[in-house]
Amino acid sequence: MKKSISALLQLGYWVLYGMLLAVLFFLLTAFQRPPMSFTNWCQIMAGFAVIPGLTGFYSFHSFLFPYYLRTKKSLHLLLLSVVVAGIATLAGMLLLTLQFNTTYLENDGISGVIAIAIPVAFIALVNGAAGFVIRGFEAWFHDIKLKAELNHKNYQMELALIKSQIDPHFLFNTINNIDILIEKDSIKASAYLNKLSDIMRFMLYETKTNSILLTKELAYIEKYIALQKVRTSNVNAINCIIQGDPGSKMIAPMLFIPFIENAFKHTNLTIDGAVKIIFVIGKKMVMFECENLIEQTPQPEEQSGGLGKELMERRLALLYPAKHHLLTTFGDHHYRVKLTVEA
């Protein structure tokens, strides 16, 4: 949620709170004889309702709600609420003591302190609950906007994938290579044709979900690389290494293939080590590196990848906020991508 909207929500709440205090003042002056002066009323309300209200509201809004959202510990939230109510009560009673130059323990004893402390603590908790609810509404509204933006980006991603992956050049070249291979080795040609079928099926169906098994993503990449190998007789042109066990880890679909596709678009597969791909799978992280040889200095659009670097960076920011690191470099005629994400 934008800060301006959040500020308006809080302003609206305090305007209503102020109106409530004003109504209480007019009711009190209507029945009290002699009527209380407005100055005395403001002094009393400052310590009795304003300071405890502000302390409770913003403690819950700024600290307790994020803490609960992060930990999901209800008992801790309850204990911290009591602490906040106590601090707000002490602050309010201290202000009252300073304003009216009196000591509650001397005038009314413990009973007088309790008589004032209970309603002040109640006011602090009521305002704290309001701050908690308003912050919850802000978080809910933010999540809705984030999901809508993510769906829109996924839609753009799907369209871009169709344009960048299932393109005529890739399909025609692959089919043509398989056709030539049929006369030489029909069994191998059939295997490659099945891989092409699996790739198209994966892109049409598996990419519609928000996350898939990492094993499926890696299987797709291996099939894609196998089809690229049909283009060259140089067995040393492409190196792909997968280290670690993907297990049951989940990952966003088509997260790595745009960078891999870009590597094959702008390299010469007749050269040894033209494309190097490395996956290192840890307990909580997946590290991906892709390096390709470029004989000429790439243009900015060539460096961005089939989907566009800006789109990929935005999608990563939406899918893995503060849980990924992307670095792209170009030097010594090699274009390098290093991506680390939590999985």
Side-chain angles (χ1 to χ4, degrees), residues 1-21 46-95 117-154 210-211 249-252 255 282-286 313-326 339-343:
M1 178 176 287
K2 291 183 179 179
K3 291 183 178 180
S4 58
I5 299 177
S6 176
L8 285 175
L9 279 175
Q10 296 175 45
L11 178 63
Y13 174 78
W14 291 118
V15 169
L16 292 175
Y17 190 65
M19 292 174 62
L20 176 61
L21 295 180
F48 194 81
V50 176
I51 294 300
L54 287 169
T55 303
F57 183 94
Y58 285 106
S59 295
F60 277 76
H61 182 276
S62 301
F63 301 105
L64 293 193
F65 182 85
Y67 173 80
Y68 177 73
L69 199 65
R70 187 173 63 255
T71 63
K72 302 296 183 182
K73 295 180 179 179
S74 300
L75 181 59
H76 287 188
L77 176 65
L78 182 61
L79 294 175
L80 289 173
S81 300
V82 173
V83 173
V84 168
I87 293 173
T89 302
L90 289 174
M93 294 182 68
L94 178 61
L95 181 61
I118 290 177
V120 172
F122 178 75
I123 289 172
L125 288 174
V126 169
N127 281 276
F132 194 90
V133 171
I134 289 176
R135 183 60 184 270
F137 174 77
E138 293 172 0
W140 171 76
F141 187 79
H142 175 74
D143 288 343
I144 289 179
K145 286 191 65 179
L146 189 65
K147 288 179 181 178
E149 188 176 0
L150 181 57
N151 288 334
H152 178 66
K153 290 297 179 183
N154 281 337
N210 293 327
S211 61
K249 291 181 176 63
M250 304 296 290
I251 202 81
L255 201 62
K283 291 183 178 180
K284 296 182 179 180
M285 305 291 292
V286 176
E313 288 178 344
R314 184 58 182 151
R315 185 171 185 254
L316 283 166
L318 289 169
L319 291 171
Y320 299 96
K323 296 180 180 179
H324 79 279
H325 182 261
L326 174 64
L339 172 62
T340 305
V341 296
E342 288 188 13

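Just the heavy atoms: all of them, side chains too, but no hydrogens, waters or symmetry mates, feed the values below. In this chain, residues are counted from 1 in sequence order.
- Atom NZ of K249 is separated from atom NZ of K283 by 9.5 Å, given to the nearest 0.5 angstrom.
- Smallest separation of non-hydrogen atoms from A85 and A124: CA-CB, 4.4 Å.
- The distance from the CG atom of L125 to the CZ atom of F132 is 13.0 Å, given to the nearest 0.5 Å.
- In this structure, L339 CG and E313 CD are separated by 10.5 Å, a value rounded to the nearest 0.5 Å.
- Distance alone, capped at 3.5 Å, places no donor-acceptor pair between the Y13 side chain and the G131 backbone.
- By the 4.5 Å heavy-atom criterion applied to side chains, V84 and F63 are not counted as neighbours.
- Atom CG of L95 and atom CZ of F48 lie 13.0 Å apart (nearest 0.5 Å).
- Residue M250 comes nearest to S211 through the heavy atom pair CE-OG, 3.7 Å, listed as atom of the first residue, atom of the second, then distance.
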Would you check, one step at a time, whether the test side-chain contact (heavy atoms from CB on, under 4.5 Å) holds for I134 with F60?
CA-CA 10 Å; I134 289 176; F60 277 76; over 6 Å; no

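- Residues K323 and K284 fail the side-chain proximity criterion, which asks for heavy atoms closer than 4.5 Å.
- Between Y67 and H76, the two ring planes are parallel [angle under 30°; tilted spans 30° to 60°].
- Ring pair H61/F57 is parallel by interplanar angle, where below 30° counts as parallel and above 60° as perpendicular.
- Taking 4.5 Å as the limit, every side-chain heavy atom of P52 sits out of range of all side-chain heavy atoms of N127.
- Using a 4.5 Å heavy-atom cutoff, the side chains of L20 and L16 are not in contact.
- Scanning both residues, E342 and Y320, for their nearest heavy atoms gives O-CE2, 3.3 Å.
- What you find for S6 and E138 is that their closest heavy atoms are OG-OE2, 2.7 Å.
- Note: L79 CG to S74 OG = 11.0 Å, rounded to the nearest 0.5 Å.
- Between L316 and L255 there is a side-chain heavy-atom pair separated by less than 4.5 Å.
- Note: I51 CD1 to I123 CD1 = 12.5 Å, rounded to the nearest 0.5 Å.
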